[in-house]
Chemist: 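Handing you a structure now.
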Protein chains: 2
Amino acid sequence: MKRKITLKHIARELGVSISTVSKALKNSEEIGAETKGRIQAYAKLHNYKPNNIAISLKNKRTKNIGVIIPDIVHHFFTTVFRGIENYANAKGYNVIVCLSDESFDKEVINMELLANGSIDGFIMALSAGTQQKGDYNHLKEVTDQGIPLVLFDRVADEINCDKVVINDREGAYKAVTKFIKDGRKKIALITTDEHYSVSRDRAAGYKQALLDHNLEYDEGLILKFPTMEIDEKAIEDFFNKTEVDAVLSVNEIFAIASMRFVQAKGLQIPEDISFIGFTDGILSKYATPGLTAVAQHGEKMGEIAAQLLIEKIEVEVEEEIYVTRMLEPTLIERGSTRNNK
Amino acid sequence: MKRKITLKHIARELGVSISTVSKALKNSEEIGAETKGRIQAYAKLHNYKPNNIAISLKNKRTKNIGVIIPDIVHHFFTTVFRGIENYANAKGYNVIVCLSDESFDKEVINMELLANGSIDGFIMALSAGTQQKGDYNHLKEVTDQGIPLVLFDRVADEINCDKVVINDREGAYKAVTKFIKDGRKKIALITTDEHYSVSRDRAAGYKQALLDHNLEYDEGLILKFPTMEIDEKAIEDFFNKTEVDAVLSVNEIFAIASMRFVQAKGLQIPEDISFIGFTDGILSKYATPGLTAVAQHGEKMGEIAAQLLIEKIEVEVEEEIYVTRMLEPTLIERGSTRNNK
DNA sequence: GCTGTTAACGAAAACGTCTTTGTAAAATAA
DNA sequence: TTATTTTACAAAGACGTTTTCGTTAACAGC
């Protein structure tokens, strides 16, 4: 077992000073050619690599970025993460991931831990707990300390920082508009409780599209779940007692479960009933029929978030100006929708 | 913007020495009650938190673990990651994730970068590139330096370290045995090239089960893809020219795509043809019919990997003994299989 | 009053790196 | 030869902690 070698070892071994070694390895003009050669050769032979921690302490820069997300077992977040990791890595940054598990407390603890020097900046999506509680002090404290922060997807107006979101309202609007153009009249919405900013916006887009096309906005056509948990019973009840010819769902799972149920009931998709789901993930792609989806462009989102963050980290500017980048969602058409006029 | 405060600041402000502050904050008996009180109050007021980097440098312990996986947009890896993160976090460790993207070079670069002091140990699954190349020098170097390493799922015998795998052979064996018990005779295998250790083991279990039950092992019943890429055409060809009443697939996607095709062809699942897929993920659960799956217990695997690693990190032992933990897969029965006798 | 003990704190080194400043000797200029 | 500039390196401080080892001053015991 050969332990890591340090500047001090090399210096002692070669009978020179530490500073000489340091400079020689940076190819400084200050050091004589012969000495430089000896030192570089020795360093190469013994595979010297500077210690990241020592450099971090010196430079007050860790080249790490902290990513805090509610859950990694969720296709959308993984694609965002991939975008972040990819961009960050290319820029020489490593990524520390913490899962808040939708819990406010975990989010706070993890942030505070990382904020004590471990990272140069944060990228995060708020946990459900935090959004419910509406308490953003942990974020304020971080930004007050001058640590850059970028929020994505699940954001809050109360926080002053860069943000990357998709235009959820527009996504829902596009989906409903497509339904209407396809001749659908009874358009249902499956959503979650409104403390998720995304659900709120999507519901707004749904309503707006109906009104803009002179269709009635009927609360009876809205199925609302309190959490992200799926409730088969509620789905059955809803589809048994509500007449519907199109369904927009704020996530894949609700859509797929609903499709399954109506198919079992004997309905044909898309002839009798049409479906669109948010978050174009694995399920949408491989469902039968394929589920038309509002793509969120997670990977792009991650890239942009990383880009914004690294820019903030690397350029010192006295007057902070925060931007919100809004991505346009795209409708990926598959077998679950078709013209029905 | 209030910058982070250090021991030095407190010391200067309160007119004491740095060491006194340090001791007071650790509640040392050495410091007088009055002084201790003043210092603690001041620290609390200004929200003093020790700098992680400085502590890391001092202790030569970062409390970070490095996780290198081929891809995060893959349900199995995300579940493993969740297990790791969960256990590590509970033990006070943070997790740095790097994606090798199935590339040997990326794996090497990321490892070398992290190995220079950023982490206390590694958990990883080998990239496809590494497995193809069979070059494990980067791993050897890391272990030679005394950095603990735990491999999971995609492992290699050549490397001396702790390992966590599932019994892929047994998983395939169980699946094929179920087919046989259900009265199936023409059991196909959909797999990938053999440089994936997992594919190799699964194929072996498949063969063994057939032989043990006096069924013929027929190469014609095996559809082999060169990569993880799906090839619709190959699937069509295979099912058009091969008579099959059961299919074991080494991953979900191949299984789902095949199910789709045979359903489109007019076959009934599971009456005419039965399916089992590896890696019980989202798709298996929400497919129609549900896909019977060999569950890999990713989260458990991650937990065990983290546990093994942290143990190695925390207890110094001169004689290294490496263990391989093998998890037993479980068959999750769903609609895609049923007794057909 | 002297020695020895203890309480309460400070100084300094160490972790590994980088960088500024210092200092010999050698080379050049006067 | 002497003064001045270069060359080539060494010393030291700093990043923020922790910890060991001093160092005072007060006080007890004789």
Side-chain angles (χ1 to χ4, degrees), chain A residues 3-40 42-43 46-64 113-120 145-147, chain B residues 3-40 42-43 46-64 113-120 145-147:
Chain A
R3 278 245 146 268
K4 273 268 157 192
I5 199 175
T6 70
L7 291 182
K8 197 197 279 189
H9 290 110
I10 303 183
R12 197 193 308 131
E13 214 62 31
L14 265 48
V16 293
S17 79
I18 294 178
S19 44
T20 302
V21 178
S22 176
K23 287 171 192 163
L25 293 178
K26 313 213 103 171
N27 229 331
S28 161
E29 289 305 322
E30 218 180 306
I31 306 299
E34 193 267 346
T35 314
K36 220 152 73 174
R38 270 169 58 225
I39 294 175
Q40 288 177 354
Y42 189 94
H46 291 78
N47 193 30
Y48 169 80
K49 294 276 168 51
N51 180 304
N52 293 331
I53 298 292
I55 292 180
S56 292
L57 183 58
K58 182 105 236 291
N59 298 348
K60 296 170 157 235
R61 286 288 204 75
T62 61
K63 283 267 181 182
N64 287 151
L113 203 74
L114 291 182
N116 298 318
S118 299
I119 50 89
D120 296 339
Q145 279 171 36
I147 301 177
Chain B
R3 279 243 145 267
K4 274 267 156 193
I5 199 176
T6 72
L7 291 182
K8 198 196 277 189
H9 289 111
I10 303 183
R12 196 193 309 130
E13 214 60 31
L14 264 50
V16 293
S17 78
I18 294 178
S19 42
T20 302
V21 178
S22 176
K23 288 170 193 163
L25 294 178
K26 315 212 99 169
N27 227 333
S28 161
E29 289 306 321
E30 222 180 305
I31 306 300
E34 192 266 346
T35 314
K36 220 151 75 174
R38 267 170 59 225
I39 294 177
Q40 289 176 353
Y42 188 93
H46 292 78
N47 194 30
Y48 168 81
K49 294 276 167 53
N51 179 304
N52 293 332
I53 299 291
I55 292 178
S56 292
L57 182 60
K58 186 105 237 293
N59 298 348
K60 299 173 152 231
R61 286 290 204 73
T62 62
K63 284 268 180 180
N64 286 151
L113 202 75
L114 291 183
N116 298 319
S118 299
I119 49 88
D120 296 339
Q145 279 170 37
I147 301 177

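In what follows, chains are A, B, ... by sequence order, proteins preceding strands, each numbered from 1.
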Chemist: Assess the side chains of Lys4(A) and Asn47(A): does a donor N or O sit below 3.5 Å from an acceptor N or O?
Modeler: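 Looking only at side-chain atoms, Asn47(A) and Lys4(A) do not form any donor-acceptor pair under 3.5 Å.
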
Chemist: Atom CD1 of Ile31(A) and atom C1' of dT20(C): how far apart are they, to the nearest Å?
Modeler: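 Between C1' of dT20(C) and CD1 of Ile31(A): 14 Å.
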
Chemist: Any side-chain N or O of Lys23(A) under 4.0 Å from OP1/OP2 of dT17(C)?
Modeler: no

Chemist: Quiz question: by atom type and distance under 3.5 Å, do the side chains of Ser17(B) and Thr20(B) form a donor-acceptor pair?
Modeler: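 Per modelled atom types, Ser17(B) and Thr20(B) side chains form a pair under 3.5 Å.
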
Chemist: In whole angstrom, give the distance that lies between atom NZ of Lys8(A) and atom P of dC18(C).
Modeler: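 So the NZ-P distance, Lys8(A) to dC18(C), works out to 15 Å.
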
Chemist: Please report the distance, rounded to the nearest Å, between NZ in Lys36(A) and P in dT7(D).
Modeler: 13 Å

Chemist: At less than 3.5 Å, do the side-chain atoms of Lys58(A) and the base atoms of dC15(D) form a donor-acceptor pair?
Modeler: no

Chemist: Would you say Ile119(B) and Ile147(B) make side-chain contact, with heavy atoms under 4.5 Å?
Modeler: yes

Chemist: Taking the side chain of Glu30(A) as heavy atoms from C-beta outward, which of dC9(D), dT17(C), dT18(D) is closest to it?
Modeler: dC9(D)

Chemist: Compare all side-chain heavy atoms of Tyr48(B) with those of Ile39(B) and state whether any distance is below 4.5 angstrom.
Modeler: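 Contact flag for Tyr48(B)/Ile39(B) side chains = no.
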
Chemist: Look at the side chain of Lys26(B) and decide which nucleotide, out of dT18(D), dG16(D), dC18(C), has an atom nearest to it.
Modeler: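 Of the options given, the side chain of Lys26(B) lies nearest dT18(D).
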
Chemist: Any side-chain heavy atom of Glu34(B) within less than 4.5 Å of one from Arg38(B)?
Modeler: yes

Chemist: Mind checking if Leu7(B) touches a base, just sugar-phosphate, or nothing, with heavy atoms under 4.0 Å?
Modeler: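 Base, at least one base heavy atom under 4.0 Å.
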
Chemist: Pick the nucleotide of DNA chain C nearest each of Arg38(B) and Ala54(B); which residue has the one closer to the 5' end?
Modeler: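 Its nucleotide being nearer the 5' end, the pick is Arg38(B).
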
Chemist: Of the options Asn64(B), Thr62(B), Asn52(B), which is the one that meets Ser118(A) in a side-chain hydrogen bond (donor to acceptor under 3.5 Å, both in side chains)?
Modeler: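 Among the candidates, only Asn52(B) passes.
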
Chemist: Measure CG/Asn59(A) against P/dA14(D) and give the value in whole Å, please.
Modeler: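 Taking atom P of dA14(D) as the reference, CG of Asn59(A) is at 17 Å.
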
Chemist: For dA10(D), take OP1 and OP2 only and decide whether either is under 4.0 Å from a side-chain N or O of Thr20(A).
Modeler: yes

Chemist: Is there a side-chain contact between Thr35(A) and the phosphate of dC9(D), meaning an N or O under 4.0 Å from OP1 or OP2?
Modeler: yes

Chemist: Ignoring hydrogens and angles, are the base of dA11(D) and the side chain of Ser17(A) linked by a donor-acceptor pair under 3.5 Å?
Modeler: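 Under the 3.5 Å cut-off, the side chain and the base do not form any donor-acceptor pair.
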
Chemist: Below 4.0 angstrom from OP1 or OP2 of dT17(C), is there any side-chain N or O of Tyr48(A)?
Modeler: yes

Chemist: Is there a donor and acceptor pair, one atom on the side chain of Lys4(B) and one on the base of dG16(D), closer than 3.5 Å?
Modeler: no

Chemist: Would you say Ser22(B) places a side-chain N or O within less than 4.0 Å of OP1 or OP2 belonging to dT18(D)?
Modeler: yes

Chemist: How close or far is atom C1' of dC9(C) from atom CD of Glu29(B), stated in whole angstroms?
Modeler: 15 Å

Chemist: In whole angstrom, give the distance that lies between atom CG of Leu25(A) and atom P of dG16(C).
Modeler: 16 Å

Chemist: Grab the CD1-C1' distance between Ile39(B) and dG10(C) for me, whole Å please.
Modeler: 12 Å

Chemist: Determine the contact category for Leu57(A): base if any of its heavy atoms lies under 4.0 Å from a base atom, sugar-phosphate if only primed atoms, P, OP1 or OP2 are that close, otherwise nothing.
Modeler: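 Base contact - Leu57(A) has a heavy atom under 4.0 Å of at least one base atom.
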
Chemist: In whole angstrom, what separates Lys49(B)'s NZ from dT17(D)'s P?
Modeler: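 For the pair Lys49(B) NZ and dT17(D) P, the rounded distance is 13 Å.
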
Chemist: Out of dG16(C), dT19(D), dA11(D), which has the shortest distance to the side chain of Asn51(A)?
Modeler: dG16(C)

Chemist: Would you say a side-chain N or O of Lys60(A) is under 4.0 Å from OP1 or OP2 of dG16(D)?
Modeler: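 Affirmative; the distance criterion is met.
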
